[in-house]
Structure formats: structure tokens, C-alpha cells
Amino acid sequence: MSKHIMFHGRECPHCRAMMPLVDRLIAEGFAIEKLEVWHDEKNADLMRSYRPVIAAKCGGQLRVPTFLNPETSDAVCGEIPYEKLKEWASS
Amino acid sequence: MKKKFWRCFVCNDVHWGFKPPEICPTCKVAHAYVEISAKEAKACLGPLPEPGFTKADFRRAIEVFAAPNQFKVNPDTERVDLLLEGMFSNEQNHGLRYCPCRLRSKDFEEDLKIVCPCNFLIHETYQGLEKGECWCGLFIKR
Ligand code: SF4
């Protein structure tokens, strides 16, 4: 299975709320890389490089948290239920 | 159309916009604004006060801003504290109090749209919803 990415911000409440769900999926064996974007410019630039894919699905903007499958360009953002997150992680 | 700088010839208030205010909001004189250069505008502001705006100042400012509006600052203080922490660290690291729940694009004009408070009235999390809130939940509908 390809590596999935969660782009998050350290001081973003939505990201904080989603973190336990992401950790649960990781504990279940899903490969999800967590990349912080406000305090790490390399991660921020990586997220910007996916702008066309992310913005198309996230209100025209780069929002956090964004859950991205770089291989399929499958992206979801914001606070979403565990089932929807698992669906994304399984894609 | 580009925004320009304007100066009140009576009280020296500086305005940045497409048009000058018809009545000066400070000295109330009508038709008092003349177009000036960016250099003059900057010089008119004089030395900026130090230290700058604290988190407490900003919190007070957004309470005052929200008071006459249809929204209020979220009473969830833990959430508000976290957001303020993010905005102030963004200001320190990136120059402006950018929204902690989005990422700046590095296009200055574009990124002005995510300086807090942003125009959240157009967010799909706010517009048309009974319990609307800005994308981050800093402001919520009354
Ligand atoms: S979404 Fe809310 S917290 Fe974020 S910039 Fe706009 S008003 Fe501020």
C-alpha cells in the first residue's frame, strides 16, 4: 500500500481533533506520514506542490488538516468521521 | 484598479483604498483627503510603538470587532488560546497573523486573504448555516 500523507498545523484545532483518529489507523497498520506545515517550510513547500490537487477538493485553498494519497491524488480535508478517514487510508 | 494612499489635510489620518473617505472618520471634515505616495504614508505613521500587539490586545480587538456583528468570539477559551498561539507564531515566523488552519501560498496578495480575521462570512462553514462558524471556529454565529 502506498504512503498516505496528513498535512497538519501544530496550532490547528481541527488537526488536533483528527490526530487520535490518525494514530488509531496507524496502530491498525496503515502507513500515514504526518507532516507539520507551519513550522516546517520543507513540509509546507511539499504541500504547496500539491496545490492543484488539494485546492480542487478543499474549497480552493490549502487547508489543514489535509489527507492526501499522492499516488491517486485522493484528498480530503477538515474534520471527518473515522469511517471516511479509513476509506481514504484504504484507497 | 489599485489601492492608493490618501492623507487627511486636517488631521493627517492616512487611508489606503480605491477611494478616500468622503468624511474623515477622525476629524469629521468632508472632502479632506489628498492622494499621497507610499513613502509619505509610511513617514506619516511615524515610529511604530514597541512592543507590538499582544495576544490580550488581539483578543480584546476581536471582541470589540464581533460585538456589533451577528457573530461572537467562541466561548471555548482553550480553542481560542490555541488559535491565538498559532497566529502569533505565524506572525513571528512569517510576518503576519496567518490563519493556523490554512497554509499561505507565498503569493502576498493571495495570502492577505488568510490574515486573521479573514472574510469568513463567505466560508461554507458559516454562510447559510444556523450554527455557522469561521473555518477555524474562532468566530461563531450568535
Ligand atoms: S478562519 Fe477564523 S481563525 Fe482562521 S483566519 Fe479566518 S477568522 Fe481567523
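Below, chains carry the letters A, B, ... as their sequence lines are ordered, and counting in each starts from 1. Values in this document were obtained by computation on a predicted structure and should not be read as measured data. The figures that follow rest on heavy atoms only: side chains count, while hydrogens, waters and symmetry mates do not.
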Q. Can you hop from A:M19 to A:V76 via hydrophobic side chains spaced under 4.5 Å?
A. yes
Q | In one Ile/Leu/Val/Met/Phe/Trp/Tyr side-chain cluster, 4.5 Å: B:L121, B:L83 | A | yes
Q.
Once rounded to the nearest 0.5 Å, what's the spacing between atom CG of B:L103 and atom SG of A:C12?
A. 11.5 Å
Q: Sort B:E78 into side chain, backbone, both or neither according to what part of it lies under 4.5 angstrom from a heavy atom of chain A.
A: neither
Q: Inspect the surroundings of CZ in B:F18 and state if more than 12 heavy atoms from other residues, nucleotides or ligands are less than 6.0 Å away.
A: yes
Q: Find the distance between CG (A:D45) and NZ (B:K106) and round it off to the nearest 0.5 Å.
A: 4.0 Å
Q.
Can you give me the closest heavy-atom contact between A:P13 and B:C136, atom names plus distance?
A. CG-O, 4.0 Å
Q: Please state whether the side chain, the backbone, both or neither of B:E124 comes within less than 4.5 Å of a heavy atom of chain A.
A: side chain
**Q.** Gap separating the OG1 atom of B:T125 from the NE2 atom of A:H14, nearest 0.5 angstrom
**A.** 7.0 Å
Q: For B:K4, look at atom NZ and say whether over 12 heavy atoms of other residues, nucleotides or ligands are found less than 6.0 Å away.
A: no
Q.
Counting only heavy atoms not in A:E41 (residues, nucleotides, ligands), do more than 12 fall under 6.0 Å from its CD?
A. yes
Q | Hydrophobic cluster identity match, A:L35 and A:L62, side-chain contacts under 4.5 Å | A | yes
Q) What is the distance from atom SG of B:C99 to atom CD of A:Q61, rounded to the nearest 0.5 Å? A) 8.0 Å
**Q.** Top contributor to chain A contacts, counting heavy-atom pairs under 4.5 Å, from B:E85, B:R104, B:E110
**A.** B:R104
Q. If you draw a 6.0 Å radius around CD in B:E35, do more than 12 non-hydrogen atoms from other residues or ligands fall strictly inside?
A. yes
Q. Parallel, tilted or perpendicular: which fits the ring planes of A:W38 and B:H94, with parallel below 30° and perpendicular above 60°?
A. tilted
**Q.** Shared hydrophobic cluster for B:F71 and B:V73 (ILVMFWY, side-chain gaps under 4.5 Å)
**A.** yes
Q.
Working to the nearest 0.5 angstrom, can you tell me the gap between A:E11 CD and B:R79 CZ?
A. 13.5 Å
Q. Taking the side chain as C-beta and beyond, is there a heavy-atom pair between B:S105 and A:R51 under 4.5 Å?
A. yes
**Q.** Under 4.5 Å from a heavy atom of chain A, the part of B:I114 involved
**A.** side chain
Q | A:H39 versus chain B, the contacting section by heavy-atom distance below 4.5 Å | A | side chain
Q. Looking at A:V64 and B:R102, what are the two nearest heavy atoms and their distance?
A. CG2-N, 3.9 Å
Q. Do you reckon B:W135 sits in the same ILVMFWY cluster as B:F65, going by side-chain contacts under 4.5 Å, direct or chained?
A. no
Q: Hey, could you give me the CG/CZ distance between B:D107 and A:R48, rounded to the nearest 0.5 Å?
A: 11.0 Å
(Q) For the NZ atom on B:K19, are there more than 12 heavy atoms of other groups (residues, nucleotides or ligands in this structure) within a distance under 6.0 Å? (A) no
